[in-house]
There are 4 protein chains.
Amino acid sequence: MSPRTVAGGRTFTDIARRAQIVQCAADAIAETGYANASMAEIAARAGIAKSVISYHFADKNELLQELVRTAVTRYIELIGPRLDAEDDVRRKIRAYITASADYMVVHRSMHLAVVEIAFHATTPDGRPRLDSMPLNAQENLEEILRRGQEFGELGDFDVRVMADLLRTAAHQTMTLALRADPALDLTSYASALAAIFDQAISPQPSTP
Amino acid sequence: MSPRTVAGGRTFTDIARRAQIVQCAADAIAETGYANASMAEIAARAGIAKSVISYHFADKNELLQELVRTAVTRYIELIGPRLDAEDDVRRKIRAYITASADYMVVHRSMHLAVVEIAFHATTPDGRPRLDSMPLNAQENLEEILRRGQEFGELGDFDVRVMADLLRTAAHQTMTLALRADPALDLTSYASALAAIFDQAISPQPSTP
Amino acid sequence: MSPRTVAGGRTFTDIARRAQIVQCAADAIAETGYANASMAEIAARAGIAKSVISYHFADKNELLQELVRTAVTRYIELIGPRLDAEDDVRRKIRAYITASADYMVVHRSMHLAVVEIAFHATTPDGRPRLDSMPLNAQENLEEILRRGQEFGELGDFDVRVMADLLRTAAHQTMTLALRADPALDLTSYASALAAIFDQAISPQPSTP
Amino acid sequence: MSPRTVAGGRTFTDIARRAQIVQCAADAIAETGYANASMAEIAARAGIAKSVISYHFADKNELLQELVRTAVTRYIELIGPRLDAEDDVRRKIRAYITASADYMVVHRSMHLAVVEIAFHATTPDGRPRLDSMPLNAQENLEEILRRGQEFGELGDFDVRVMADLLRTAAHQTMTLALRADPALDLTSYASALAAIFDQAISPQPSTP
DNA sequence: AATGAATGAGATTTCATTCAT
DNA sequence: AATGAATGAAATCTCATTCAT
């Protein structure tokens, strides 16, 4: 009898192998950098032959796409409920930053890998390959901020720019800090960041 | 008779060639991405043979280091006077952001190249090579912010985190926005960013 | 109890599977070309796993040999009676060409596959593998032509060269024409070819 | 001073190297078969590194195209004058066959290589790559034959089929014979072929 | 000072084949 | 009887670097 399959026509062992390979790819990229994470390196970490990867993934791009897809799923899973749990807009923003930090702690190598991929992967003719990957715009910070302004809970900043800044803070700033000092206490770092944003988005005091 | 040399034992033509190559490298990286900016691509843009690059630079790493060094010099040249021209700390911070934007407009490809390099370049064994490059910490934002707090002109944020955020904002945030929309009006974008930071660093209102 | 076997120690299901695989191999080679007809492609067409092929055939070479053997059998089955049905040598030659055309129509993919194999298959050290395959010399055109000359029914051509030409005409010429135009009316094409050969082999007129 | 260049911007040594590589590729294909003629094999025969080939040719396809282009040029150079030298149509046809044989003797491996390439090279999706190569239709046998019929010098055969047959005879038939017996005397073989065609195309005797 | 030519290491990918179940 | 999974060899191509001129 053929092994049980799930949606997508993949067997359980197949899925497990793919997950293992994706994890090893993330570790390899996070630790050795995008350019050094060759198929050989990834395979060596997984303790399998290069061609096993080819057996499970059509090509390297598919592997990277699955990595990013997995990471985004984990991120959404973690951050979604944390945002939904807050009614107050300013607490939502704080939750966004601290939850992002928690995600980076839990899925550290996967996060670092995604950031590497986001910056490195290019099409043969030069431009970023990540446009075809579901990375940003999942959270809709703009929407949250705009509503906060309408209800008078937030100040009068440029919504688009603030959303960009929030995203960069949650991803680039913390990543760079973590890279520069792998022993960094990310939780308190996130707390400090959240405090800064809390003031930045608050309604301005009357400045006479 | 040997040609005149300057400090470092290089002739003037040598220096000119190096500058030309560095500029072409910056263009290549900015336009085609780090991974596609091979020595061949750079040489082609400069209209010279690949080996000419090898003649003037020990290896690719040295070329990239000179590129970054040059960029940092240009950056310091532009931003230094603009910061010095302001006495008020809050205006200094605004100047930091708007001057950074101006730098990105004037030295666009060089800036984009440095950001690419900062994320991509790794040593053979894996870790970022930029740590060994004189990129950050040249401006001493920390110093400025700390003094502002001491004099009571600024609020009570975490200085290190705020400095990181400022740097990421000035470089990553604006770069990503520019990448996403090459026609972006960077000057007004920087203005909006500056406004946000102005509130973020200001002394907190009494929060009853 | 073990399943019934036939000569060669194979069971009936075994034989059926082998035949199915051979047919799919023929289709694959005919449609996608020799180089693209990998074991994976063949297995996919048969709707079975690659390893099933390995289970039934020692290696790819054995599969191809069986394909050619099968094709030759079909060819002989079809062409033999058609030749035997003719007493007159010149009608035998015409029958040879038209029967070959009929064979190509009926067993189109198998024929195209054999032609591909005949040209492509090589031993690891380089030489054509077809020499070891039972392709040519099954029909004994030479014998027929020689007897025709002895009885004065045919002209005075070089028997070996004429046989070669006939075989090439029946296989290569028609195959190439069919490839170039898949909608070609092979029956009338064969008729035209037959007419040409009829004159070529006829006793020369007195050339004063 | 830079080395002298000729049309196409190539230096003389470049041209010589390309010619050498093309010749070695032809030898490799002719001797070991298309499938075994890897870049490594070709480089080994030329006594150079694999990458030298990459230096002179963009990819393998370009190398093969140049090989075919060269072969066709040689063929046209040899066969053109020989056809032009004959006024009589029937002698033209004989010249076509014998000149083709001479070509095969002089440029043996190149010819064998082209035949291999013509049959083997396929695009990734399956169909022959030779459509983009200038192989056939250079001689316009149809034109010659048609004129011969108009002037009453030739019989009443199907022109298109006869041209196909002539081409197959000149290329496939002789190639297969040569392959089967590398010591074959091609000149007399061609002579026998020519005799056969001479009768095949001659005006039919009145067959009452 | 400059260059054309050459090199070797390494990357990705394909493929026939094998093995445990 | 059949299969999913794994393997290792080999193929093509890219690239930074070196060398003789």
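Convention: sequence-line order gives letters A, B, ...; per-chain numbering from 1.
Here the options are A:Ile48, A:Ile15, A:Val22, A:Ile21, the test is side chain to side chain contact (heavy atoms under 4.5 Å, CB included), and the partner is A:His56; only A:Ile21 passes.
Neither OP1 nor OP2 of F:dA2 sits under 4.0 Å from any side-chain N or O of C:Tyr55. A close approach under 4.0 Å does occur between a side-chain nitrogen or oxygen of A:Arg17 and OP1 or OP2 of F:dA6.
By the 4.5 Å heavy-atom criterion applied to side chains, A:Val52 and A:Phe57 are not counted as neighbours. Within the 4.5 Å cutoff, the side chain of B:Val72 has heavy atoms near those of the B:Val68 side chain.
When rounded to the nearest whole Å, the span between CD1 of A:Ile42 and P of E:dA11 equals 11 Å. Put simply, CE on B:Met39 is 15 Å from C1' on E:dT7, counting in whole angstrom units. Rounded to whole Å, atom C1' of F:dT12 lies 15 Å from atom CD of D:Glu41. Atom-to-atom, CG of A:Asp59 to C1' of E:dT13 comes out at 9 Å; the value is rounded to the nearest Å. In this structure, A:Phe57 places its CZ atom 14 Å from C1' of F:dA5, rounding to the nearest Å. Atom-to-atom, CG of B:Leu64 to P of F:dA16 comes out at 10 Å; the value is rounded to the nearest Å. When the P atom of F:dC13 is taken as reference, atom CG of D:Asn61 falls 9 Å away, rounded to whole Å. Remark: P of F:dC15 and CD1 of B:Ile53 are 13 Å apart, rounded to the nearest angstrom.
Residue-to-nucleotide proximity on DNA chain E shows that, of C:Ala37 and A:Ser38, the 5′-proximal contact is made by A:Ser38. Annotation: of the two residues near DNA chain F, B:Lys60 and A:Gly47, the 5′-most nearest-nucleotide partner is A:Gly47.
Scored by the side chain to side chain contact (heavy atoms under 4.5 Å, CB included) test, B:Ala28 finds B:Ala37, B:Glu41, B:Ile42, B:Arg45 as partners (sequence neighbours excluded). A:Arg17 meets the salt bridge (charged side-chain N to carboxylate O under 4.0 Å, His left out) test with no other residue; sequence neighbours excluded. The side chain to side chain contact (heavy atoms under 4.5 Å, CB included) check on C:Ala71 picks up C:Tyr103, C:Met110, C:Val114, with sequence neighbours excluded.
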* **Watson-Crick and G-U pairing of DNA chain E written in dot-bracket, each distance under 3.5 angstrom, with | for inter-strand partners** => .||||||||||||||||||||
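Salt-bridge formation is detected for the pair A:Arg18/A:Glu62: a Lys NZ or Arg NE/NH1/NH2 atom is positioned less than 4.0 Å from an Asp or Glu carboxylate oxygen.
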Short heteroatom pairs, N/O only, protein and nucleotides 18-21 of chain E, under 3.5 Å:
none

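Residue pairs meeting the salt bridge (Lys or Arg N to Asp or Glu O under 4.0 Å) criterion with at least one partner in residues 49-60 of chain B, sequence neighbours excluded, do not occur; the list is empty.
Distances were taken from every side-chain heavy atom of D:Thr13 (C-beta onward) to each of E:dA11, E:dA5, F:dA2; the shortest belongs to E:dA5. With E:dA2, F:dT7, E:dA6 as the candidates, the nucleotide lying closest to the side chain of D:His56 is E:dA6.
C:Glu116 contributes no side-chain N or O that, together with a main-chain N or O of C:Ile29, makes up a donor-acceptor pair within less than 3.5 Å.
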